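Just so we're on the same page: letters track the sequence lines, and every chain starts at 1. Since this is a predicted model, take the numbers as computed values, not measurements. Values below: all heavy atoms of this structure, side chains included; hydrogens, waters and symmetry mates excluded.
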Amino acid sequence: MGELRLMKGNEVLAEAAVRCGCDGYFGYPITPQSEVMETLMELQPWTTTGMVVLQAESEVASINMLYGAAATGKKVMTSSSSPGISLMAEGISYIAGAELPCLIVNVQRGGPGLGTIQPSQADYFQAVKGGGHGDYKLIVLAPASVQEMNDFVELAFELAFKYRNPAMILTDGAIGQMMEKVELSDHKPRWTSEEVRQKWGSWATVGKVPGRPHNVITSLELDSGKMEVNNLRFQEKYRKMEAEEVRFEEIMCEDAEYILIAFGTSSRICQKSIELARAKGIKVGLLRPITLYPFPRQAVANLARRAKGFLVVEMSAGQMIEDVKLAAFDAGLSLPVEYFGRMGGILPSPGEVVEALEEKLIKK
Amino acid sequence: MAKVRGAVVVDKEGCKGCGLCVEACPQDVLSLNKEVNSRGYNYSYMENPEACIGCSNCGMVCPDTCITIYRVRI
Amino acid sequence: MNISDIIKPENLVYEKSKLQLNTIMHYCPGCSNGVVHKLISEVLEELGLQERTIGVSPVGCGVFAYNYIDIDWQEAAHGRAPAVATGIVRTNPDKIVFTYQGDGDLASIGAAEILHACNRGENIVVVFINNGIYGMTGGQMAPTTLEGQVTSTTPFGRNIDLNGYPMKITELIAQLPGTSYVTRQSVQTAAAVRKCKNALRKAFQNVDQKKGTSFVEVVSTCNSGWKMSPVQANKWMEENMFPFYPLGDMKDSEKNAPVSKN
């Protein structure tokens, strides 16, 4: 059993980073996630594990610091909230184009623009459909508890290095600020320079040594033929992720006639909605995507075969619902797929979700 | 006083005929050839080789690093 | 004495650095970038730094610098090379990291990144090519374009009311306590090339001694963008650029108080 603590989600991200052997954190303050860097600065991991923590001049600089460090085979991360992630979009596209592993955490707040500092899930499209320019994908993990804030840091790094691809933890201000019991991971040592050279020396800029051509990290290729080949390689990688890395959770779906589909904070609210609905005799279950990319398309299709209808619950105007509809459509299935959500930093209440279920699916 | 003789070897195909070496030569050794290389540039060559003192000025200013220089005391 | 008696290995006095790759550079004939690449290769070879050095190339004419010098390289987004270099050197303090940036990359879109990297005293070398114009995109105005200078976006000359003043960013950077060595050089004559090489050598040695940021501006020509011959461009630079961008050291911690850096 690991160390048990009562902690905020944001603080746990910091603890988990140090404990999993992260080499560096580069970030810029923004509400509601500033506790990540604040906690790291208090932990002073440079005196223990040797992890570097640096407050950059902007999110633009932070993400490019990640690029530089990740390109040397180091395990590095940043965190920000919605407007800051928009600023990072350029750098994220370059990182994806140069195939660099790193972790980006988005503790979402309500938008668009400066919006609000309250929680939101309106950056779903930005996270799973790109966000920056060009055809690329991030591995996107959506924690629904403070425990998963701990667990997904290490998982994100593992997947990022497995695929040489940026990974994102897409959470929101509610989970970032929430205090819960958490079992922290045990400390793991950082990779030594020799380990980095052995693991990633074939591509990382660890210093040109005799016997191999120099390593160059770039996303540039002016020859269209070669650039298409690069893109095809990226797509092949994304297909492999779709085949092997889908993660989701099903709650009380066995006998369910109606399925709620929600991730992160919304999925927690939906668990209470299930209790309320079942008390009324409505057989409801929950599908919780854990990887938003790759999206659990097969799980959606399987449930679509036996359910009477889906209610997709989001803290946005309805973004993930498009992927749910596509998954059902691509499987040749037709069933009512409805949306319920709140925006602007407001959380849906469990009762509202049940009302929406009755209104949109059952009474029809 | 020791006399010095030099010689330069221009990588004909690497030369882009910019003429900076011609300008930099204190002895008026170099000139741009009327002939062109395979890429269409009037490459630099020693028009007046006897005057070369191997000072390396041409090599220093060459942006394409296509000049190798030799020097001998007589 | 025959030429063949002179051209012998024992008489060799000047040849291409072993760190320069045998790739013909994409630069226009007479471009100053080629000379600076050559000097960096020579300095890294002479100091024995090939295995420890990581270069960061910019967006702009220098983007393909990674094809010409045989060290590990990273290609940065436009203006972000100092942030990229920060990420490298903070997580790899034993490495020798340098950025190679033009005036558009460094002084315009990347002004924030360069000022903050220098202000933090990141232990890196910055090589700044200032030719007063955007070369790669076809000769548009740069922050360093001189007043009255014609470019494709200032076809009637840079107008201060419209475009603001030419920026002396190196003078700004010299004010920052994080920098240990700030100098302005050029490469239009053999004497200037020798001085510039000495400046680059000092910059790389400073970083090896962890003295903080060393910043080497090279006032350069863009004869294509300026629409001149390479020889004319050198003359124009001497007559017009040097009075506004005077050459020489602006700061040298060996002469002044040394800058401490971890």
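Judged by distance alone, the side chains of D23(A) and T91(C) never bring a donor and an acceptor atom under 3.5 Å apart.
Taking all atoms of both residues into account, the shortest heavy-atom contact from A69(A) to G87(C) is CB-O, 3.3 Å. In terms of heavy atoms, A61(A) sits closest to A83(C) at O-CB, 3.6 Å.
At a 4.5 Å heavy-atom cutoff, the contact between L222(A) and chain C is made by side-chain atoms alone. Proximity to chain C is limited to the side chain of V76(A), based on heavy atoms less than 4.5 angstrom apart. In this structure, chain C has a heavy atom under 4.5 Å from the side chain of V52(A), while its backbone stays farther away. Of the two parts of V56(C), neither the backbone nor the side chain holds a non-hydrogen atom closer than 4.5 Å to a non-hydrogen atom of chain A. Contact annotation for A204(A): only backbone heavy atoms (N, CA, C, O) come within less than 4.5 Å of a heavy atom of chain C. Of the two parts of R190(A), neither the backbone nor the side chain holds a non-hydrogen atom closer than 4.5 Å to a non-hydrogen atom of chain C. Heavy atoms closer than 4.5 Å to chain C are found in both the backbone and the side chain of Y67(A). Contact annotation for A85(C): neither backbone nor side-chain heavy atoms come within less than 4.5 Å of a heavy atom of chain A. Using a 4.5 Å cut-off between heavy atoms, I96(C) does not touch chain A at all. Contacts of L220(A) with chain C are made by both backbone and side-chain atoms, with heavy-atom separations under 4.5 Å.
Between the NE2 atom in H214(A) and the CD atom in Q50(C) there is a gap of 10.5 Å [rounded to 0.5 Å]. Taken from OG1 in T205(A) to NZ in K95(C), the straight-line distance is 8.5 Å, to the nearest 0.5 Å. Here the straight-line distance linking atom CD of Q74(C) with atom OG1 of T218(A) works out to 10.0 Å at 0.5 Å rounding.
Within 6.0 Å of atom OH in Y28(A), 12 or fewer heavy atoms from other residues, nucleotides or ligands are found, so the atom counts as exposed in its surroundings. Atom CG of N230(A) is surrounded by more than 12 heavy atoms from other residues, nucleotides or ligands within 6.0 Å. Sparse packing is recorded around CD of E228(A), with 12 or fewer heavy atoms of other residues, nucleotides or ligands lying under 6.0 Å away. More than 12 heavy atoms of other residues, nucleotides or ligands lie within 6.0 Å of NZ in K129(A), so this atom counts as buried by the packing criterion. In the displayed structure, Q44(A) atom CD is contacted under 6.0 Å by more than 12 heavy atoms of other residues, nucleotides or ligands.
Side-chain atoms of N215(A) never come within 3.5 Å of backbone atoms of D72(C) as a donor-acceptor pair (strictly under, hydrogens ignored).
In summary, of the residues considered (E57(A), E59(A), E90(A)), a salt bridge (charged side-chain N to carboxylate O under 4.0 Å, His left out) with R80(C) occurs for E90(A) alone.
By the 4.5 Å heavy-atom criterion applied to side chains, E113(C) and N64(A) are not counted as neighbours. Inter-residue side-chain proximity for L19(C) and K208(A) is flagged as unmet; no heavy-atom pair is nearer than 4.5 Å.
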